[in-house]
Asker: 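This is the structure I have questions about; it appears just below.
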Amino acid sequence: MRKIFIVGTVASSKTTLAMQLSKDMNICWYELDSIVYHQIGDQRIKRTPDEQVKVIMDIDQKGPWILEGTDRESYRCLYEMADTIIFLDPPLWKRRIRIFTRFLKQKLHIEQCHYKADLTMLEMMYKWTSDFEKDREAFEANLSLYHQKLIRLTDNKRYKQLITMGLC
């Protein structure tokens, strides 16, 4: 059974990789942002941490999965549940460019998003990226606990590495 947790900060290509793996492996994938926030009409409502874990547990009961998102306390259980953890860690300069490019695509309606693509959100994405770098040491320490099932990719073009490792 395949249970894959793709983790990384903003603009690390988590969704892109999850979609490709899902297609190649024929496994459902879920964005953790959609678990944290659910849509009711035209409103995004944040679930409590307990509600988030319940949704994750419900997904887990269905069989194989690919879950992707940033590192949050409310779903640290995924590190234990996953049989493979993929940490996407492209260089900071690349993530900053991706954040801005994504913002432009969303403003031009080339790319859809589940949130309001405005300057406040753009600013928040840069802040979250900066916060990740400040807290990287603690994140890396937690990640090291799972070294036996960890794959670290610094470039999503290294997808072929996953193929040679037998993931798809």
Side-chain angles (χ1 to χ4, degrees), residues 1-37 47 49 52-102 105 111-115 124-126 128-168:
M1 193 176 301
R2 304 297 321 163
K3 295 183 179 188
I4 302 168
F5 178 33
I6 301 172
V7 64
T9 190
V10 176
S12 58
S13 289
K14 299 177 301 293
T15 302
T16 302
L17 178 60
M19 289 188 322
Q20 188 64 53
L21 284 175
S22 174
K23 179 182 167 197
D24 292 348
M25 298 176 73
N26 196 29
I27 296 175
C28 289
W29 71 275
Y30 306 86
E31 288 178 286
L32 286 165
D33 280 350
S34 296
I35 292 171
V36 174
Y37 295 95
R47 290 184 171 103
Q52 293 169 37
V53 170
K54 179 171 180 351
V55 172
I56 290 168
M57 295 303 178
D58 290 345
I59 291 168
D60 188 52
Q61 293 301 310
K62 295 176 186 174
W65 46 256
I66 299 170
L67 284 155
E68 58 92 356
T70 58
D71 180 56
R72 284 183 186 252
E73 187 68 36
S74 59
Y75 41 76
R76 289 268 166 91
C77 59
L78 289 172
Y79 291 99
E80 292 292 331
M81 295 165 66
D83 52 48
T84 303
I85 300 166
I86 302 172
F87 172 37
L88 292 178
D89 190 23
L92 179 59
W93 65 267
K94 187 178 280 190
R95 288 182 274 134
R96 287 180 173 158
I97 290 170
R98 287 177 180 167
I99 289 169
F100 189 70
T101 302
R102 176 189 294 167
K105 287 179 180 179
E111 183 177 300
Q112 293 183 354
C113 61
H114 304 294
Y115 51 83
M124 290 304 297
M125 287 185 179
Y126 283 115
W128 294 328
T129 299
S130 178
D131 290 348
F132 174 81
E133 292 303 325
K134 287 178 194 166
D135 298 333
R136 179 183 279 275
E137 191 174 314
F139 172 77
E140 293 273 2
N142 181 60
L143 202 58
S144 72
L145 300 172
Y146 306 97
H147 65 90
Q148 72 282 2
K149 55 183 174 178
L150 175 67
I151 299 169
R152 180 186 301 258
L153 296 177
T154 57
D155 189 338
N156 62 341
K157 290 181 176 51
R158 297 187 67 198
Y159 179 72
K160 290 181 181 173
Q161 178 182 349
L162 298 176
I163 295 169
T164 61
M165 297 175 100
L167 273 184
C168 47

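Quick note: numbers below take in every heavy atom, side chains included, and nothing from hydrogens, waters or symmetry partners.
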Asker: For the residue pair Ile56 and Ile35, establish whether any side-chain heavy-atom pair is separated by less than 4.5 Å.
Answerer: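 Yes, at least one pair of side-chain atoms sits under 4.5 Å.
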Asker: Roughly how far, to the nearest 0.5 Å, is the CD1 atom of Ile97 from the CZ atom of Arg95?
Answerer: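 It comes to 11.5 Å.
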Asker: Arg72: which residues meet the salt bridge (Lys or Arg N to Asp or Glu O under 4.0 Å) condition with it, sequence neighbours left out?
Answerer: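 Arg72 satisfies salt bridge (Lys or Arg N to Asp or Glu O under 4.0 Å) with no residue once adjacent residues are dropped.
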Asker: Mark yes when over 12 heavy atoms from residues, nucleotides or ligands other than Phe100 sit less than 6.0 Å from its CZ; otherwise mark no.
Answerer: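 Not buried by this count: 12 neighbours or fewer within 6.0 Å.
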Asker: Any carboxylate oxygen within less than 4.0 angstrom of a Lys/Arg side-chain nitrogen, looking at Arg2 and Asp83?
Answerer: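 So Arg2 pairs with Asp83 through a salt bridge.
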Asker: Apply salt bridge (charged side-chain N to carboxylate O under 4.0 Å, His left out) to Lys149 and Glu80, showing your working.
Answerer: CA-CA 10 Å; Lys149 55 183 174 178; Glu80 292 292 331; 5.2 Å; no
Asker: Under 4.5 Å between any side-chain heavy atoms of Val7 and Tyr79, yes or no?
Answerer: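 Touching, per the 4.5 Å side-chain cut-off.
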Asker: Does a side-chain heavy-atom distance below 4.5 Å link Tyr75 with Gln52?
Answerer: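 Yes, close enough: below the 4.5 Å cut-off.
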Asker: For Thr15, which residues count as a side-chain contact (heavy atoms from CB on, under 4.5 Å) partner, sequence neighbours excluded?
Answerer: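 For Thr15, the residues satisfying side-chain contact (heavy atoms from CB on, under 4.5 Å) (neighbours in sequence not counted) are Met19, Trp29, Glu31, Glu68.
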Asker: Can you find a pair of side-chain heavy atoms, one from Phe87 and one from Ile151, that are under 4.5 Å apart?
Answerer: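 Answer no - side chains too far apart.
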Asker: With a 4.0 Å cut-off, would you call Asp58 and Lys62 a salt bridge?
Answerer: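 Answer for the salt bridge query: no.
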Asker: Does Lys14 use its side chain to pair, donor to acceptor, with the backbone of Thr70 at less than 3.5 Å?
Answerer: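 No: the side chain of Lys14 does not pair with the backbone of Thr70.
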Asker: Atom OG1 in Thr9, atom CG in Asp71: separation rounded to 0.5 Å?
Answerer: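 Spacing of OG1 (Thr9) from CG (Asp71) equals 9.5 Å.
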Asker: Under 4.5 Å between any side-chain heavy atoms of Lys94 and Ile99, yes or no?
Answerer: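 Counting from C-beta outward, Lys94 and Ile99 never come under 4.5 Å.
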Asker: Passes side chain to side chain contact (heavy atoms under 4.5 Å, CB included), Leu17 versus Ile86? Steps please.
Answerer: CA-CA 10 Å; Leu17 178 60; Ile86 302 172; 3.9 Å; yes
Asker: State which residues pass salt bridge (Lys or Arg N to Asp or Glu O under 4.0 Å) with Lys105; sequence neighbours excluded, sorted by chain then number.
Answerer: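 By the salt bridge (Lys or Arg N to Asp or Glu O under 4.0 Å) rule, Lys105 matches no residue at all.
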Asker: With Glu73, which residues qualify under salt bridge (Lys or Arg N to Asp or Glu O under 4.0 Å), at least two apart?
Answerer: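 Listed in chain order: Arg76.
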Asker: Is the closest side-chain donor-acceptor distance between Ser74 and Arg47 under 3.5 Å?
Answerer: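 No.
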Asker: With a 4.5 Å limit on heavy-atom distance, are the side chains of Leu78 and Leu32 in contact?
Answerer: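 Contact flag for Leu78/Leu32 side chains = yes.
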Asker: With a 4.5 Å limit on heavy-atom distance, are the side chains of Lys134 and Asp131 in contact?
Answerer: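 Answer yes - side chains close enough.
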Asker: Identify, with sequence neighbours excluded, every residue that meets salt bridge (Lys or Arg N to Asp or Glu O under 4.0 Å) alongside Asp33.
Answerer: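 Result, salt bridge (Lys or Arg N to Asp or Glu O under 4.0 Å) vs Asp33: none returned.
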Asker: Assess whether side chain to side chain contact (heavy atoms under 4.5 Å, CB included) is satisfied between Lys3 and Thr84, documenting all intermediate values.
Answerer: CA-CA 6 Å; Lys3 295 183 179 188; Thr84 303; over 6 Å; no
Asker: Ile85 and Ala82: which non-hydrogen atoms are nearest, and at how many Å?
Answerer: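 Between these two residues, the closest heavy atoms are CG1-CB, 4.2 Å.
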Asker: Could you tell me the separation between the OG atom of Ser22 and the CH2 atom of Trp65, rounded to the nearest 0.5 Å?
Answerer: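 Between Ser22 OG and Trp65 CH2, I get 13.5 Å after rounding to 0.5 Å.
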Asker: When rounded to the nearest 0.5 angstrom, what is the spacing between OG in Ser12 and CG in Leu92?
Answerer: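 Here the interatomic distance stands at 12.0 Å.
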Asker: Is Asp89 close to Leu153 at the side-chain level, that is, under 4.5 Å between some pair of heavy atoms?
Answerer: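 They are not in contact (no side-chain heavy atoms under 4.5 Å apart), so the answer is no.
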Asker: To the nearest 0.5 Å, what is the distance between CG on Leu145 and CD on Glu140?
Answerer: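 Spacing of CG (Leu145) from CD (Glu140) equals 11.5 Å.
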Asker: Looking only at non-hydrogen atoms, find the nearest pair between Ala18 and Ile66 and report the distance.
Answerer: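 Closest heavy-atom pair between Ala18 and Ile66: CB-CG2, 4.0 Å.
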Asker: How far apart are the closest heavy atoms of Pro90 and Arg98, and which atoms are they?
Answerer: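 Scanning both residues completely, I find the closest heavy atoms to be CG-NH1, 3.5 Å.
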Asker: Could you go through the side chain to side chain contact (heavy atoms under 4.5 Å, CB included) check for Phe5 and Met81 one step at a time?
Answerer: CA-CA 9 Å; Phe5 178 33; Met81 295 165 66; over 6 Å; no
Asker: Taking the six-membered ring where the residue is Trp, are the ring centres of Tyr37 and Tyr115 under 6.0 Å apart?
Answerer: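 Between Tyr37 and Tyr115, the centre distance exceeds or equals 6.0 Å.
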Asker: Go through the structure and list residues passing side chain to side chain donor-acceptor pair (under 3.5 Å) with Glu111, not counting sequence neighbours.
Answerer: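 For Glu111 there are no side chain to side chain donor-acceptor pair (under 3.5 Å) partners, ignoring immediate neighbours.
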